[in-house]
2 protein chains.
Amino acid sequence: MIAGRGLAGLKTRDLAREIGCANGAVYNLVADIDELILRVGSRTLHRLDEALSAAEGAGESSPQEALVRIAIAYCDFAADNLQLWRALFEHRMGAGKVVPDWSVEDQMRLFRHIYQPLATLFPKRSREELGITARSLFSAVHGMVALGLEQKLVAVPLPALRKEIAGLARAMIDGLIARQR
Amino acid sequence: MIAGRGLAGLKTRDLAREIGCANGAVYNLVADIDELILRVGSRTLHRLDEALSAAEGAGESSPQEALVRIAIAYCDFAADNLQLWRALFEHRMGAGKVVPDWSVEDQMRLFRHIYQPLATLFPKRSREELGITARSLFSAVHGMVALGLEQKLVAVPLPALRKEIAGLARAMIDGLIARQR
DNA sequence: ACTTTTATTGAACAATGTTCATGCTTCTGC
DNA sequence: GCAGAAGCATGAACATTGTTCAATAAAAGT
């Protein structure tokens with residue numbers, strides 16, 4: 001239902017009807033809709049993880065190009081799974097509730113993909129520095145994808161967005177390499 | 001109320017009580033809460049515009065440094081106006097409704113700040129290319145600020161975030177310059 | 001002063017997440 | 001086989017919220 005009508009289109013009553021049970025029975029499977037959304041998010045994150053892994057390995061080449069491929073793969077995944085991907089970031093936890101550990105773990109796993117090539121590129125940097133850089137790179141690419149797929153402001157066709165992301169990703173990496181010297 | 005308790009803390013009844021009128025009277029001032037939120041967003045965007053203008057002009061220097069200052073100013077504004085700034089991006093229009101022109105106009109104005117220095121740096125590029133690059137740069141910085149202030153994943157202290165943003169902004173710009181040659 | 005327009009009120013409606021008393025299945029130990 | 005227990009399903013009911021609306025009051029116009 002999230003994939004079809006978006007996060008806002010997920011209603012407990014519709015859901016109960018779809019899976020063929022009463023309203024209340026949903027709460028035997030899940031404590032909250034928060035939990036339900038997190039569990040869907042977990043699946044999405046795992047599929048995203050696979051997509052990034054595939055991009056990481058494909059075509060042995062420089063770490064630079066691996067990072068660019070990962071960025072493009074991220075963009076493609078988001079475009080192909082628009083609603084599910086949006087749900088990952090649109091969702092806000094209900095008041096007072098805290099994100100469970102297993103969900104945080106799912107999110108953290110993403111940075112691994114960026115960490116690895118970065119560590120090869122910058123062997124002198126500490127684990128912590130690399131972690132921060134990895135997160136920054138991810139955030140930057142994520143921002144481009146997020147606003148690029150929003151379509152509301154300026155309608156940029158997907159191929160142009162991919163090219164733009166590849167360009168800026170290369171620029172960031174080149175800039176980082178040049179800057180460290 | 002948005003500034004205090006966040007977008008989710010805005011309730012029409014509380015609002016009516018706060019301004020001293022009946023529930024329904026709110027709808028003489030605004031058609032929707034969507035409109036209300038957009039109007040608050042408009043004010044936020046104007047204040048943001050002023051903050052970026054101040055950063056743009058401060059300390060005559062290279063376009064590169066102007067861009068970095070703008071990025072930092074964006075980060076600072078977001079940190080100082082966290083809830084209001086979040087409301088700009090968290091809000092999704094109610095089903096079927098479309099964002100009015102005046103609100104889109106408000107959003108577009110932001111890119112001007114980035115466009116100007118970019119045009120100086122890359123005089124050969126077309127207006128359209130510059131527009132796309134401006135949006136990409138903005139998106140990338142926005143992504144860093146957004147995930148950086150989220151605090152949920154990794155708690156990065158604000159000074160570190162500012163440094164990180166400045167570093168990656170410089171890297172992006174350097175990379176773009178090097179790449180064009 | 002009377003009419004017309006506008007604003008205010010607060011009850012009512014609809015949508016939606018969540019809970020719960022009641023009753024029904026299914027499993028367990030014998 | 002079966003009594004009791006444990007779990008599950010049901011759908012009504014509740015709480016919260018955005019929104020509407022008929023009735024009423026206020027203001028403006030003439």
Task: Close residues, residues 9-28 of chain B, relative to DNA chain D [heavy-atom separation under 4.0 Å] - done: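 Per residue number, the list reads B:Leu10, B:Lys11, B:Thr12, B:Arg13, B:Gly24, B:Tyr27.
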
Residues [X], [Y]: salt bridge by 4.0 Å N-O rule:
X        : Y        : result
B:Arg135 : A:Glu164 : no
B:Arg69  : B:Glu56  : no
B:Arg43  : B:Glu50  : no

- [ ] Starting at atom CD1 of A:Ile37, determine the distance to atom C1' of C:dT18, rounded to an integer number of angstrom.
- [x]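 Those two atoms, CD1 and C1', are 14 Å apart.
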
Task: Start and end of the DNA chain D segment that chain A contacts, any atom under 4.0 Å from a heavy atom - done: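 The protein-touched segment is D:dC8 to D:dA13.
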
Task: Whether B:Ser42 side chain and B:Leu38 backbone form a donor-acceptor pair below 3.5 Å - done: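 Side chain of B:Ser42 to backbone of B:Leu38: no pair is present.
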
TODO: State whether the side chain of B:Arg125 and the backbone N or O of B:Leu130 hold a donor-acceptor pair below 3.5 Å, judged by distance alone.
DONE: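 Checked: no pair found.
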
TODO: Check B:Asp34 against B:Gly94 and note the closest heavy-atom contact, atom names and distance.
DONE: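 Smallest interatomic distance, heavy atoms only, reads OD2-N, 2.9 Å.
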
Task: Flag if over 12 foreign heavy atoms under 6.0 Å of CZ, B:Arg179 - done: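 Atom CZ in B:Arg179 is crowded, with more than 12 foreign heavy atoms closer than 6.0 Å.
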
Task: Counterpart residues, ring-ring contact (aromatic ring centres under 6.0 Å, His included), relative to A:His142 (two or more places apart) - done: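 Partners of A:His142 by the ring-ring contact (aromatic ring centres under 6.0 Å, His included) criterion, ordered by chain and then number, come out as A:Trp85, A:Phe89, A:Phe138.
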
